[in-house]
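Lettering of chains follows the sequences in order, A, B, ..., and the numbering in each one begins at 1.
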Amino acid sequence: MSAFRRELHLVGTLADLARIGAFIEEACGQAHVDPAAQFDVVMAVDEACSNVFEHAYGGTAGQVDLYFETRDRDLIITVHDRGRPFDPAAVPMPDVNLPLEERPIGGLGLHLMRQLMDDVSFAFSPEQGNTLVMAKRGVVPGVADDHGPG
Amino acid sequence: MQISVVDLKRCTLFRVSGRIDGSVAPELGTQLRAATDAGKYKIVVNMKDVTYASSACLRELIGAWKTCRRWNRGDLYLAEVNPNVEKVLELTGLKDQFKIFPTEAEAVGNF
């Protein structure tokens, strides 16, 4: 399958999460992403964008640029914002083995992104802002899959 | 997201439906806190019609769960959790922490 690419650019808030989810669902359908992987992708993007609106922009409206693209059999999602710099190392990862009474509330969004996607990487530059790249591997039909029977 | 709250003899029943993401989860939290602030610490949350639940939803449920269970005064059960929500609970290690019932009646009856 030839490379597929869609973009969504918006100045948004948490209220736009449903719109973003619909964009990702539609793009997954158009790119023939494995249905078993679609929920993972939709959720990972929702968690990522929630963090952008809540933390990078502190609840105020902010520019978010989403890129949905396929490379061979892989799906690559890029989320770009110009909010406060994000350092993933500063987020305490939840200890999912701790009893709930002892667990602090928080860090679940980033944890879910890392569980649902195969690669999650963050970068920040003063010029570009925050760039998050997430990959889900082997979920897009490859070129060979386009060949018919016989 | 839609929430209905019913006070039963044994507990307070929350029936939640729709999409629970970061934009609406705080409202769920507000309603759960209204119940616990009124001294209602036995809560069932029926999630049968929840189409999507993000970590924001889980945070509100965890917060209410902790409040209910403080000093052994109550608990918060989940009922009729669909496979996608169950997956999220599993990934966050919460599936074995919350008591989850296949039906609302069983959850309510467990109080």
Side-chain angles (χ1 to χ4, degrees), chain A residues 12-25 35-62 64 91 93-117 120, chain B residues 1-2 17-30 32-33 41 43 45 50-78 81-100:
Chain A
T13 66
L14 288 169
D16 292 292
L17 288 172
R19 175 186 171 193
I20 291 169
F23 164 73
I24 296 295
E25 279 181 24
Q38 286 188 26
F39 172 79
D40 293 3
V41 175
V42 170
M43 178 150 214
V45 173
D46 181 78
E47 295 291 347
C49 292
S50 284
N51 284 339
V52 168
F53 293 131
E54 211 172 333
H55 302 297
Y57 290 124
T60 59
V64 175
V91 178
M93 292 312 290
D95 184 343
V96 298
N97 295 310
L98 264 184
L100 197 47
E101 292 94 341
E102 296 170 35
R103 279 212 229 164
I105 300 174
L108 290 177
L110 184 52
H111 172 77
L112 279 167
M113 287 158 59
R114 288 181 166 141
Q115 294 288 307
L116 293 165
M117 303 296 280
V120 176
Chain B
M1 177 185 72
Q2 309 268 356
S17 63
R19 177 187 165 90
I20 314 177
D21 64 20
S23 68
V24 298
E27 173 57 26
L28 173 61
T30 296
L32 286 165
R33 274 188 298 280
Y41 303 114
I43 294 177
V45 182
V50 171
T51 55
Y52 174 78
S54 74
S55 66
C57 172
L58 300 186
R59 280 201 299 274
E60 301 298 347
L61 292 176
I62 292 169
W65 183 93
K66 288 187 175 191
T67 301
C68 287
R69 287 174 63 96
R70 199 169 294 144
W71 304 307
N72 286 323
R73 58 193 176 185
D75 209 328
L76 184 148
Y77 300 153
L78 302 179
V81 171
N82 70 44
N84 279 340
V85 177
E86 191 174 345
K87 178 175 181 173
V88 177
L89 290 169
E90 188 144 15
L91 288 175
T92 51
L94 295 174
K95 192 177 165 197
D96 295 329
Q97 300 287 338
F98 283 107
K99 284 200 183 76
I100 302 174

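- B:A25 does not touch chain A: none of its heavy atoms, backbone or side chain, sits under 4.5 Å away.
- If you take CE on A:M113 and CG on B:L91, they are separated by 13.5 Å, rounding to the nearest 0.5 Å.
- Both the backbone and the side chain of A:L17 have a heavy atom closer than 4.5 Å to some heavy atom of chain B.
- Neither the backbone nor the side chain of A:D16 comes within contact range of chain B, judged by heavy atoms closer than 4.5 Å.
- Side chain of A:E47 to backbone of B:S55: a donor-acceptor contact under 3.5 angstrom is found.
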Under the side chain to side chain contact (heavy atoms under 4.5 Å, CB included) criterion, do B:T92 and A:Q115 qualify, and how do the steps go?
CA-CA 9 Å; B:T92 51; A:Q115 294 288 307; over 6 Å; no

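- The list of salt bridge (charged side-chain N to carboxylate O under 4.0 Å, His left out) pairs with a residue in residues 49-60 of chain A, not counting sequence neighbours, reads A:E54-B:R59.
- The side chain to side chain donor-acceptor pair (under 3.5 Å) search around B:D75 returns B:R69, not counting sequence neighbours.
- Between chain B and the options A:L112, A:D46, A:L108, A:L116, the largest number of non-hydrogen pairs under 4.5 Å is found for A:D46.
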